[in-house]
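Because the structure is a prediction, the values reported are computed rather than measured. Ligands are counted one by one from 1 in listed order, and the atoms in each one are counted from 1 as well.
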Amino acid sequence: MLWVYLLTITKLTCFTSSDINECLEKVCHVDATCVNTNGSFNCFCNDGFTGDGVISCQCQVSDPCQSAQCQNGGLCIAISGSCTDYNCTCTECYTGQFCETLMDPCGNNPCQNGGNCFAIPGSCIDYECICTGCYTGQFCETCKYHSIS
Ligand SMILES: [Ca+2]
């Protein structure tokens with residue numbers, strides 16, 4: 001009798017744990033997250049979206065550029081497929097995620113052969129190379145003595 005009892009318990013356990021994972025069949029909206037539960041499932045709209053999670057998940061904010069943080073004249077471009085993400089397209093003098101950084105014309109060290117770079121005040125792209133030794137030219141790329149001989 002004990003043997004039959006154990007067999008029955010095992011069968012019951014198997015029966016109750018045979019939940020279907022509905023999440024594998026993409027039952028939720030494309031912008032929702034599926035959570036499988038025993039005997040059912042739940043759909044939750046992703047961050048920035050609102051709705052029932054099955055038929056609808058709509059953007060809570062109609063345009064992410066309304067609250068964009070692009071600075072210094074940067075242009076906001078909303079990223080399609082997202083309610084909250086955007087990119088800033090910066091004007092020529094600024095860089096960074098939010099165009100917050102003023103570009104330095106000497107930033108990538110354009111002067112060669114030990115020349116010192118000086119940014120020209122009031123410009124973000126113009127600079128002057130102050131050359132050392134025999135070197136001359138816009139980037140201190142030429143040695144004066146080579147051209148004489
Ligand atoms: Ca389920």
Q97 atom CD, neighbour heavy-atom count above 12 within 6.0 Å: no

Smallest separation among heavy atoms of E92 and I125, with atom names: OE1-CD1, 4.5 Å

Y94/L102 under side chain to side chain contact (heavy atoms under 4.5 Å, CB included): CA gap, chis, key distance, verdict: CA-CA 5 Å; Y94 291 91; L102 181 64; 3.7 Å; yes

Distance-only side-chain donor-acceptor flag, D47 / T84, under 3.5 Å: no

Every N, O or S from the protein that is nearer than 3.0 Å to the Ca ion (ligand 1): D19 OD1, D19 OD2, I20 O, E22 OE1, N36 OD1, T37 O, S40 O

Evaluation steps, side chain to side chain contact (heavy atoms under 4.5 Å, CB included), between F98 and C70: CA-CA 5 Å; F98 303 111; C70 300; 5.6 Å; no

Any V27 side-chain heavy atom under 4.5 Å of F41 side chain: yes

